[in-house]
Amino acid sequence: MSVIILDDEVINQIAAGEVIERPASVVKELVENSLDAGATRISIDLEQGGRRLIRVTDDGCGMTREDAVLALQRHATSKLTCADDLFAIRTLGFRGEALPSIAAVSHLKIVTRPHDATEATEIVVRASEVTDLHTAGAPPGTEVTVGRLFFNTPARLKFLRSEASELSHITELVTRFSFSHPQVSLRLTHGEREVVHRPAADDLLSSVVALYGRDAAERLIPVELRLPLLRVSGFVSRPDFTRSSRSHQALFVNRRQVRSRTLTHAVEEPYRSALAGGRFPVAVVMVDVDPALVDVNVHPAKAEVRFVRDWEVHEAVRRAVREALEGTALAGAALGAGAAPPATFGGTGRGPTSAAPAQPTLDFPAGAAPAPPAQTAVGLVLAPLGQVRATYIIAENADGLMIVDQHRAHERVLFERLETDSAGAQPASQGLVMPLTVHLGRREAELLERNLETFAAVGMTIEPFGGDAFVVRAMPALMAKADPEVLLRDLLEELAGRPSGQRLDLPREAILAAAACHAAIKAGTRLAPQEMVELLDGLARSTRPFTCPHGQPIIMTITNFELDRRFQR
Ligand code: ADP
Ligand code: MG
């Protein structure tokens with residue numbers, strides 16, 4: 001094998017591969033150039049998801065003929081002169097790589113005219129070769145047309161997704177540009193269709209409203225924190241407004257869209273206890289920081305950044321989001337912020353909530369008047385109106401209509417009760433008058449054997465009795481009325497089916513959650529009005545009323561705003 005120096009064509013294609021991965025990468029680079037050129041209007045036109053054509057037109061500063069020719073050379077940039085400048089970058093581009101990279105893998109045409117020039121320059125390039133250069137008539141600004149992307153790199157072409165998928169990447173990208181640069185008017189068309197049209201606005205919120213919809217905006221809370229070297233701003237959603245993916249999270253550092261584990265973690269952390277697994281808050285968060293504290297030069301497509309003081313940035317963002325959430329009553333409840341009163345579900349001083357597995361009922365103090373739906377310390381008020389399919393409780397509060405899953409709500413209440421009861425050295429436990437012997441299958445016996453201590457910690461005393469036999473001696477006080485054998489078998493079955501069951505060592509919480517689930521009223525159970533009042537009251541007093549112990553949502557809200565909108569009031 002002999003060593004050779006690659007020719008320019010190959011070198012250009014390799015370099016292009018780093019920067020230009022798909023049509024969205026071209027759009028990103030071109031729009032960044034337009035923004036860097038001070039454009040106030042940018043339009044992006046696509047054909048076939050960008051594969052056939054991408055055209056970006058701006059009213060920015062334009063280029064002279066000399067600059068336009070030079071800009072096609074690798075490492076030609078007007079944004080950087082020495083290495084130190086890398087830590088003083090306020091522009092989106094800085095490497096002088098985008099135009100030559102795009103030129104290497106497409107049919108490229110640039111028409112550009114500075115504002116003080118009378119005519120424009122048109123340059124046509126095919127696979128890095130300038131094939132035409134002449135004077136043209138065009139308005140001030142720049143129009144870059146990229147045709148037949150990857151025409152000479154069939155491997156890249158093969159990796160492109162469907163037209164719809166490439167288009168959705170581009171739409172998401174353009175949406176985010178409108179967050180970072182709301183003062184710029186942005187328009188995206190695909191063939192004949194207008195996909196995004198964002199007139200210029202002065203503020204982020206109107207961009208968010210335009211793109212995520214009015215009801216999204218209704219449930220967003222402003223985030224604002226100023227420190228000497230750093231500012232955090234933007235919007236995050238209340239914990240009852242979430243998405244199943246991070247698609248509605250947009251993070252920016254010095255107005256640059258970034259992916260950042262540090263920032264994602266900092267934004268989501270304050271929601272941790274409030275959100276179900278697999279649910280993500282909506283967030284549009286801007287971090288503006290002294291450029292000296294960010295390394296923007298760590299990723300080929302500039303999609304990631306590194307903070308010089310990573311932990312401090314994390315703390316600042318986390319604090320900003322947390323403080324924003326604490327300002328809202330609903331979030332206060334969900335975050336367990338402030339001193340939530342202990343659960344008083346089922347009335348005070350009464351025996352434990354009944355939990356017979358076959359016919360679970362709620363054990364309420366007889367004859368007690370239903371408590372008025374008073375504002376609780378955490379601010380969640382839920383006045384029940386009725387039941388749907390004996391499964392969901394319909395309730396009302398100042399925010400609008402709430403639909404509550406009765407089983408999960410009760411599960412949450414019982415779970416916290418069990419948690420409190422089993423927190424002390426002596427868990428609230430009730431001995432069985434007749435200890436009960438059960439015989440289990442091998443897998444269940446193994447699961448139980450390894451977790452006897454955890455069961456004991458929640459008030460369930462069980463002893464091995466040789467082979468597959470076990471003796472149950474005591475039950476958690478809250479579940480004293482349940483059939484011990486049914487409870488134990490149900491618990492083991494449920495635990496065995498969980499991912500944590502495979503590891504055999506179960507956290508105490510898993511057992512509490514399973515016990516709460518077992519004892520909670522089931523879907524399909526009719527509830528008396530007073531029972532609903534008590535259940536919702538208990539829920540309001542719980543520390544995390546929005547998420548059941550298994551991580552599923554408990555409450556769905558239809559805001560007053562949404563109601564009015566649907567009825568076109
Ligand atoms: P970079 O953005 O990293 O400088 P590019 O290859 O993207 O590198 O662009 C090279 C140069 O071309 C830029 O520095 C800029 O001077 C000029 N340029 C590119 N696009 C435009 C545009 N739309 N308007 C004005 N100048 C542009
Ligand atoms: Mg650039």
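Atoms within a ligand are numbered from 1 in the order they appear, just like the ligands themselves. One-based numbering along the sequence shown. Atom set for the values below is all heavy atoms of this structure, side chains included, hydrogens, waters and symmetry mates excluded.
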message: Show the nearest heavy-atom pair for residues Val284 and Val208, with the distance to one decimal.
response: CG2-CG2, 4.2 Å
- prompt: Within the side chain of His265, is there an N or O that forms a donor-acceptor pair under 3.5 Å with the backbone of Arg318?
  reply: no
- prompt: Do NZ/NE/NH1/NH2 and the carboxylate oxygens of Arg161 and Glu166 come within less than 4.0 Å?
  reply: no
Residue, atom name and distance, where the atom is the protein heavy atom closest to atom 10 (C) of ligand 1: Ala76 O, 3.4 Å
query: Any N or O of Arg95 that comes nearer than 3.5 Å to an N or O of ligand 1?
result: yes
- request: Measure across Pro239 and Leu325 and return the closest heavy-atom pair with its distance rounded to 0.1 Å.
  value: CD-CD2, 4.3 Å
message: If we ignore hydrogens and angles and just use 3.5 Å, is the side chain of Asp58 paired with the main-chain N or O of Thr142 as donor and acceptor?
response: yes
- request: Decide yes or no on salt bridge (Lys or Arg N to Asp or Glu O under 4.0 Å) for Glu304 and Arg306, but give the supporting numbers first.
  value: CA-CA 7 Å; Glu304 288 169 19; Arg306 197 153 44 214; over 6 Å; no
- line: atom 6 (O) of ligand 1 sits nearest the protein heavy atom Leu99 N, 2.9 Å
Heavy-atom proximity to atom 24 (N) of ligand 1, best of Ala37, Gly96, Pro100, Gly38: Ala37
- prompt: Just going by heavy-atom distances, which of Leu30, Asp58, Asn33 is nearest to atom 9 (O) of ligand 1?
  reply: Asn33
- prompt: N/O/S of Asn33 less than 2.8 Å from the Mg ion (ligand 2)?
  reply: yes
message: Just to confirm my output: which protein heavy-atom neighbour is closest to atom 12 (O) of ligand 1, and how far is it?
response: Ala71 CB, 3.3 Å
field: Which residue and heavy atom of the protein sit nearest atom 4 (O) of ligand 1, plus the separation
entry: Thr77 OG1, 2.5 Å
- line: One finds that the ligand 1 atoms under 4.0 Å from a non-hydrogen atom of Phe94 are 1 (P), 3 (O)
query: Which residue from Gln73, Met63, Glu143 reaches closest to atom 18 (N) of ligand 1 through any of its heavy atoms?
result: Met63
- prompt: Out of Ser78, Pro114, Gly141, Ala68, whose heavy atom is nearest to atom 15 (C) of ligand 1?
  reply: Ser78
message: Counting only heavy atoms not in Glu129 (residues, nucleotides, ligands), do more than 12 fall under 6.0 Å from its CD?
response: no
query: Is there any side-chain hydrogen bond (donor to acceptor under 3.5 Å, both in side chains) pair reaching into residues 246-256, and which pairs are they, with sequence neighbours excluded?
result: Ser245-Ser247, Arg246-Glu268, Gln249-Glu268, Arg255-Asp288
task: Look at atom 22 (C) of ligand 1 and say which protein heavy atom is nearest, naming residue and atom and giving the distance to 0.1 Å.
output: Thr142 OG1, 3.8 Å
query: Where is the nearest protein heavy atom to atom 2 (O) of ligand 1: which residue, which atom, and how far?
result: Lys79 NZ, 2.7 Å
task: Please confirm whether the backbone N or O of Gly93 pairs with a side-chain atom of Thr91, one donor and one acceptor, at under 3.5 Å?
output: yes
query: Quick one: which ligand 1 atoms are inside 4.0 Å of a heavy atom on Gly93?
result: 2 (O), 3 (O)
statement: Checking heavy atoms under 4.0 Å, the part of Glu97 that sits near ligand 1 is backbone
message: Is the shortest side-chain heavy-atom distance between Val105 and Arg156 below 4.5 Å?
response: no
- request: Answer yes or no: does an N/O atom from Ala98 fall short of 3.5 Å to an N/O atom of ligand 1?
  value: yes
